[in-house]
Amino acid sequence: MPSPFSLRQQVTDVVQTTPVFDIHTHLYDPAFGDLLLWGIDELLVYHYLVAEGFRHLDVPYAKFWALSKTQQADLIWDALFVRHSPLSEACRGVLTVMNSLGLDVKRRDLPLLRSHFAKWEVGEFTTRCLELAKVRKVCMTNSPFDDMERPVWERGFDRDERFVAALRIDPLLVDWENTAPKLHASGYDVRADFSGRTFAEVRRFLAEWTRRMDARYCMVSLTPDFAFPAETPAARLIEQAVLPHGREHGQAFAMMIGVKRGVNPQLRLAGDSVGWADVAAVENLCARFPDNKFLVTMLARENQHGLCVAARKFRNLHVFGCWWFLNNPSLIEEMTRMRLEMIGLSMTPQHSDCRVLDQLVYKWSHSREIIGKVLAEKYDDLAAAGWDPTRAEIERDVRDLLGGAFERFLQS
Ligand code: RAT
Ligand code: ZN
């Protein structure tokens with residue numbers, strides 16, 4: 001039997017070194033050009049930091065947004081790193097990135113940090129970040145409704161095989177009234193009142209974009225009041241278009257539930273909030289559509305236990321990630337422990353949700369630290385019960401947690 005120390009050491013080593021498939025990000029294949037964000041200024045104007053920065057800034061919102069990105073970054077740096085210590089998770093993340101890239105953060109010299117970034121070329125920097133974070137594959141978030149992104153898909157490009165696609169359809173499900181006319185204008189015979197060939201045409205739209213993107217799954221974010229069944233456009237479209245499409249193409253449907261969009265619109269992307277949602281909607285979908293696969297993450301801390309219980313009832317439900325306001329060490333630890341205790345290894349404890357390439361480095365190093373710690377405790381408990389986990393078993397399990405279980409679920 002390995003000593004507790006060496007068992008812990010082994011688990012930590014394996015978690016630190018196993019390459020991860022990051023199953024939800026907002027990063028782009030470098031072929032998308034400027035849509036792939038990277039560098040110190042992008043890190044500083046990340047919306048998590050904008051929200052925190054405004055707590056100290058007394059500049060009017062409109063004035064802030066009228067500034068250049070560099071000027072905005074200057075203000076955030078000053079508010080969150082110079083005038084206060086950068087203790088929050090998002091602030092610490094910036095330091096982890098700089099430090100991992102070998103840059104000296106001690107000098108608190110933003111222009112110097114900027115000058116280091118000026119030396120990088122995006123292709124090399126992509127490889128560097130993926131290597132440092134030990135990320136083997138990144139799933140993008142790809143919207144056919146995005147006017148910047150759509151033309152790139154329509155033109156076609158050479159895919160970087162490290163970046164895979166996910167078909168994001170929020171406007172279709174949560175803003176049907178405004179989306180129906182747009183679909184109609186682009187050649188789909190849909191009607192706002194769902195009459196005629198509407199559902200068949202939405203399926204044609206989903207199938208065409210799935211093919212064009214080679215989308216691994218289809219996804220949406222939903223408000224806390226999401227209900228199923230319901231007489232809402234979202235529920236009707238899910239039942240009559242998204243799920244039939246999923247069954248026909250063997251494609252999972254990902255739901256990110258619990259976001260309240262724009263509670264403070266002045267903050268733009270940083271202005272969204274959280275609300276408790278009813279897990280019954282997820283259970284009803286899983287029960288009624290056993291031939292569909294559902295990937296679910298929920299935003300409210302209070303929903304995590306109910307979601308684990310649901311996953312115990314339905315094998316067509318795969319729980320993933322510590323999303324957004326949950327992506328903090330204390331909550332990742334709590335959620336990872338709860339999930340391991342309730343559903344074992346049949347889940348994906350984390351995704352990064354990165355919007356800036358460099359963030360891969362901090363999001364994964366911070367998460368690996370916690371996943372490793374919780375997992376080590378769990379193997380210790382097994383050892384105490386007379387079960388000797390072997391290195392090969394630990395490696396197998398960690399591969400599962402870092403993307404393997406997810407890939408198997410998609411293929412099942
Ligand atoms: O975490 C985030 O960056 C949010 O702004 C959202 O993008 C969220 O992750 C989402 O995918 O809707
Ligand atoms: Zn996201």
Side-chain angles (χ1 to χ4, degrees), residues 21-28 32 35-38 42-54 76 88-91 93-94 97 135 138-146 148-149 163-175 213 215-226 234 252-275 277 294-301 303-304 319-328 331-332 335 348-360 362-364 366-367 406:
F21 174 13
D22 192 344
I23 68 169
H24 170 62
T25 75
H26 298 265
L27 302 177
Y28 287 92
F32 284 80
L35 286 180
L36 173 59
L37 306 179
W38 61 286
E42 296 293 355
L43 287 172
L44 290 171
V45 301
Y46 182 36
H47 68 87
Y48 292 26
L49 288 185
V50 168
E52 292 168 31
F54 264 108
I76 306 254
S88 77
E89 173 63 6
C91 285
V94 176
V97 171
V135 171
V138 169
C139 193
M140 307 179 274
T141 295
N142 304 103
S143 173
F145 300 101
D146 184 311
M148 308 285 287
E149 182 176 347
F163 291 78
V164 297
L167 172 58
R168 180 82 177 231
I169 57 168
D170 289 27
L172 183 71
L173 298 187
V174 302
D175 191 21
M213 293 173 170
R216 299 301 157 98
Y217 57 90
C218 179
M219 77 183 305
V220 68
S221 72
L222 296 161
T223 49
D225 60 4
F226 173 66
F253 180 44
M255 294 182 290
M256 306 179 80
I257 307 172
V259 54
K260 280 199 230 161
R261 297 285 180 196
V263 298
N264 182 358
Q266 308 252 49
L267 281 173
R268 300 194 178 173
L269 205 51
D272 300 342
S273 185
V274 59
F294 298 92
L295 300 161
V296 177
T297 196
M298 296 184 81
L299 195 52
R301 181 188 187 185
N303 276 128
Q304 303 312 320
V319 169
F320 73 96
C322 301
W323 180 23
W324 202 342
F325 313 115
L326 298 167
N327 196 349
N328 297 310
L331 298 173
I332 300 170
M335 285 170 64
T348 301
Q350 191 57 307
H351 68 268
S352 76
D353 235 312
C354 289
R355 283 177 181 268
V356 184
L357 183 60
D358 331 20
Q359 291 170 339
L360 287 170
Y362 95 78
K363 299 231 187 196
W364 283 110
H366 294 190
S367 288
F406 177 82

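Start at 1 and go down the list; that is how both ligands and their atoms are numbered.
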For ligand 1, is there an atom lying under 4.0 Å from some heavy atom of Q359?
no

Donor-acceptor pair, side chain of T25 and main chain of C139, under 3.5 angstrom:
yes

How many protein atoms of type N/O/S are positioned less than 2.8 Å from the Zn ion (ligand 2)?
3

T141: heavy atom below 4.0 Å from ligand 1, yes or no?
no

Under a 3.5 Å distance rule, please check whether D22 uses its side chain to pair with a backbone N or O of V138 as donor and acceptor.
no

Please state which protein non-hydrogen atom is closest to atom 7 (O) of ligand 1 and give its distance, to 0.1 Å?
R355 NH2, 2.3 Å

Sub-4.0 Å atoms of ligand 1 with respect to non-hydrogen atoms of R168:
10 (C), 11 (O), 12 (O)

Among protein heavy atoms, which sits nearest to atom 2 (C) of ligand 1, and what does the distance come to when rounded to 0.1 Å?
H47 NE2, 3.5 Å

Within the 4.0 Å heavy-atom shell around H24, which atoms of ligand 1 are there?
9 (O), 11 (O)

Residue pair W323 / M298: nearest heavy atoms and the distance that separates them:
CE3-C, 4.0 Å

Ignoring hydrogens, what is the shortest heavy-atom contact between K363 and S352? Give both atom names and the distance.
CD-O, 3.1 Å

Which residue supplies the protein heavy atom nearest to atom 8 (C) of ligand 1, what is that atom called, and how far is it?
W323 NE1, 3.2 Å

I want to know if ligand 1 touches Y48 in the polar sense, i.e. an N/O pair below 3.5 angstrom.
yes

Considering non-hydrogen atoms only, spot the tightest contact between I169 and C218 and give its length.
CD1-SG, 3.5 Å

Where does the angle between the aromatic ring planes of Y46 and Y48 fall among parallel (under 30°), tilted (30 to 60°) and perpendicular (over 60°)?
parallel

Just by distance, no angles: are the side chains of D353 and Q359 close enough, under 3.5 Å, to form a donor-acceptor pair?
no

Check whether the side chains of E149 and N142 place a donor and an acceptor atom closer than 3.5 Å, and report yes or no.
yes

Side chain, backbone, both or neither: which part of R261 comes within less than 4.0 Å of ligand 1 when only heavy atoms are counted?
side chain

Smallest separation among heavy atoms of L326 and L331, with atom names:
O-CB, 3.5 Å

Aromatic contact between F320 and F406, with the criterion being ring centroids under 6.0 Å apart: yes or no?
no

